[in-house]
Amino acid sequence: MKALPPAAALVAALFAQNAAAACYVVYGPNQDIVYRAAEPPVDMSRQIHETLPLVAPGATMVFSSDTTGCEITINKLPLMASQSAPTAVPMPRAARADRG
């Protein structure tokens, strides 16, 4: 078996670490905290720009490994989409031609 070059071993070690954050904070459009908890408010297997607007339109999410301030959960979100795939937003239909 061939040994990995040092740079490749370093990259592999960095990506092998747990990628989970310890605290998720969502700021509403007016910069008020609308969500803060150890669990993500959205499905993190998808891109944030796809899921966050479905839960909190105009919001921004910040997450870190620091748990300071995350001891008390805040949840003012109108819709909780955690651990589920977001539903598709229906698009308006085009007007039909008059058949008369």
Side-chain angles (χ1 to χ4, degrees):
M1 186 167 152
K2 205 174 191 182
L4 288 175
L10 177 62
V11 170
L14 289 175
F15 285 107
Q17 293 179 3
N18 189 0
C23 190
Y24 298 86
V25 180
V26 177
Y27 295 94
N30 56 358
Q31 299 305 309
D32 289 339
I33 295 176
V34 295
Y35 182 86
R36 180 177 64 200
E39 295 294 319
V42 295
D43 181 3
M44 294 299 285
S45 68
R46 300 179 55 91
Q47 299 222 356
I48 295 171
H49 74 271
E50 295 174 346
T51 56
L52 189 60
L54 299 174
V55 176
T60 305
M61 185 165 73
V62 178
F63 46 94
S64 73
S65 59
D66 186 14
T67 59
T68 305
C70 210
E71 299 87 12
I72 299 172
T73 300
I74 297 173
N75 189 352
K76 300 178 186 173
L77 294 177
L79 173 66
M80 197 64 181
S82 181
Q83 306 301 322
S84 64
T87 57
V89 176
M91 297 296 291
R93 296 178 108 189
R96 296 175 98 183
D98 191 20
R99 296 185 192 189

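Numbering of residues begins at 1 and proceeds along the displayed sequence.
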Which ILVMFWY residues are connected to Tyr27, directly or by a chain of links, through side-chain heavy atoms under 4.5 Å apart?
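Noted: Tyr27 shares its cluster with Val25, Ile33, Val62, Ile74.
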
Rounded to the nearest 0.5 Å, what's the gap from CG on Asp32 to NZ on Lys76? Could you check?
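Here the interatomic distance stands at 6.5 Å.
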
State the CG-CG distance between Asp43 and Leu52, to the nearest 0.5 angstrom.
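These two atoms lie 12.5 Å from each other.
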
Give me the atom names and distance for the closest heavy-atom approach of [X] to [Y].
| X | Y | value |
| --- | --- | --- |
| Pro29 | Pro57 | CG-O, 3.6 Å |
| Ala22 | Ser65 | CB-O, 3.3 Å |
| Tyr24 | Met61 | CD2-SD, 4.3 Å |
| Pro41 | Val26 | CG-CG2, 3.7 Å |

I'd like to know whether Phe63 forms a side-chain contact (heavy atoms from CB on, under 4.5 Å) with Met44, so could you lay out the CA-CA distance, the side-chain angles of the two residues, the decisive distance to 0.1 Å, and finally the verdict.
CA-CA 11 Å; Phe63 46 94; Met44 294 299 285; 4.2 Å; yes

Please tabulate, one pair per line, all N/O donor-acceptor pairs under 3.5 Å involving side-chain atoms of residues 66-73, not counting sequence neighbours.
unit_1	atom_1	unit_2	atom_2	d
Asp66	OD1	Thr68	N	3.2
Asp66	OD1	Thr68	OG1	2.9
Glu71	OE1	Gly69	N	3.2

